[in-house]
Amino acid sequence: MAGLDYFEVEATEDGADNYRKIATTVLQDHNLLSIVEGLHLYIDPEFPLFVATGLIRPPRSAIKVSDVGNVLVQDGKAVIAVGDETYLAAMLKMLWDRLGHDNVDQPDRFTVIIENVEIPKDVENWIVIDPSESLFKDLIYAIQVIAPEGFKVRRENYGKNRFSYAASENTLPEKDVAVIISDCFEKMDKALVEGVSE
């Protein structure tokens, strides 16, 4: 799949081809191809069990107030000269949440004024948007779309640029699922080290 360095589907021959197509479409539709480095799907229709493991490229850095505009603190107020309107709405919401709606004013589309409150010294470093916060939610949503319908018993995990998702109609035997997840990661790590890509 374009954008992935590793993509493998372990399933019956017909099932593997179908899941490969489904996963390709879902990841493209959710704009996750640039984020997911590797994906390994394991499908056992007998149990039934669906497992997805993946490696994630480091997300882009967080957007700070200083990325949205220049901050000038003077005479007990802060004036933000907006240079990039892309994140203006998110910045305003964050400032309103942290400082109060009455203390943050936007007289025009290129100016934001903070007054009537003590101006924090690090206001220009406040995080407006942290892409990593929504990444896990977006990934799990996409994997739920890929997984078979009706699989209500789920286990999700995310950390250190890795994620795993297991789902079934039945109770998930923790030891067995842990072994399958570990095996999938091992295969993915080995293939990426060796430079194998599908």
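Only a predicted model underlies this, so the values are computations on that prediction, with no experimental measurement involved.
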**Message:** Between Phe163 and Tyr158 (judged by ring centroids, cut-off 6.0 Å), do the two rings come close enough to count as a pair?
**Reply:** no
**Message:** Between Asp105 and Val112 (side chain of the first, backbone of the second, donor and acceptor by atom type, cut-off under 3.5 Å), is there such a pair?
**Reply:** no
**Complete:** Closest non-hydrogen contact found for Pro107 with Ile113 is CG-CD1, 3.9 Å
**Request:** Find the distance between CG (Leu95) and CG (Leu88) and round it off to the nearest 0.5 Å.
**Result:** 9.5 Å
**Message:** For a 4.5 angstrom cut-off between non-hydrogen side-chain atoms, does Tyr165 reach Arg154?
**Reply:** yes
**Asked** Using 4.0 Å as the upper bound for N to carboxylate O, is an ion pair formed by Asp122 and Lys64?
**Response** no
**Asked** Going hydrophobic residue to hydrophobic residue with side-chain gaps under 4.5 angstrom, can you get from Trp96 over to Val123?
**Response** yes
**Prompt:** Just wondering, do Val36 and Arg57 contact through their side chains at under 4.5 Å, heavy atoms?
**Reply:** no
**Asked** Can you find a heavy atom in the side chain of Phe50 that is under 4.5 Å from one in the side chain of Pro45?
**Response** no
**Nearest-0.5 Å distance that lies between atom CG in Leu27 and atom CZ in Phe7** = 7.0 Å
**Request:** Go through the steps to decide whether Val128 and Asp67 satisfy the test side chain to side chain contact (heavy atoms under 4.5 Å, CB included), and finish with yes or no.
**Result:** CA-CA 9 Å; Val128 174; Asp67 295 322; over 6 Å; no
**Prompt:** Does a side-chain heavy-atom distance below 4.5 Å link Glu156 with Phe136?
**Reply:** yes
**Request:** Could you please spell out the steps behind the side chain to side chain contact (heavy atoms under 4.5 Å, CB included) verdict for Glu10 and Leu41?
**Result:** CA-CA 6 Å; Glu10 274 187 74; Leu41 302 179; over 6 Å; no
**Asked** Between CE of Met91 and OG1 of Thr86, what distance do you get to the nearest 0.5 Å?
**Response** 11.5 Å
**Asked** Taking side chain as C-beta onward, heavy atoms only, is Ile63 less than 4.5 Å from Ile127?
**Response** no
**Item:** Residue pair Tyr6 / His40, side-chain donor-acceptor N/O under 3.5 Å
**Value:** yes
**Item:** Verdict with reasoning, Trp126 to Leu99, per side chain to side chain contact (heavy atoms under 4.5 Å, CB included)
**Value:** CA-CA 12 Å; Trp126 283 7; Leu99 300 173; 3.7 Å; yes
**Asked** Can you find a heavy atom in the side chain of Val153 that is under 4.5 Å from one in the side chain of Thr171?
**Response** no
**Closest contact, heavy atoms only, Asn116 versus Asp102** = ND2-O, 4.4 Å
**Prompt:** Roughly how far, to the nearest 0.5 Å, is CD1 of Ile119 from CD of Glu124?
**Reply:** 11.5 Å
**Message:** Can you confirm whether more than 12 heavy atoms, excluding those of Tyr141, are under 6.0 Å from its OH atom?
**Reply:** no
**Prompt:** Quick one: are Val65 and Asn125 in side-chain contact, heavy atoms under 4.5 Å?
**Reply:** no
**Prompt:** Can a salt bridge be assigned to the pair Glu85 and Arg109 using a cut-off of 4.0 Å between side-chain N and carboxylate O?
**Reply:** yes
**Request:** Go through Asp183 and Ile180 one step at a time and tell me if the side chain to side chain contact (heavy atoms under 4.5 Å, CB included) criterion holds.
**Result:** CA-CA 5 Å; Asp183 185 48; Ile180 292 168; 5.6 Å; no
**Prompt:** Quick one: does Thr111's side chain get under 4.5 Å of Ile80's, heavy atoms only?
**Reply:** no
**Message:** I need the Leu49 CG to Tyr42 OH distance, nearest 0.5 Å.
**Reply:** 6.5 Å
**Request:** Hey, could you give me the CE/CG distance between Met188 and Leu55, rounded to the nearest 0.5 Å?
**Result:** 4.5 Å
**Prompt:** Same hydrophobic cluster for Val79 and Tyr87, using side-chain heavy-atom links shorter than 4.5 Å among ILVMFWY?
**Reply:** no
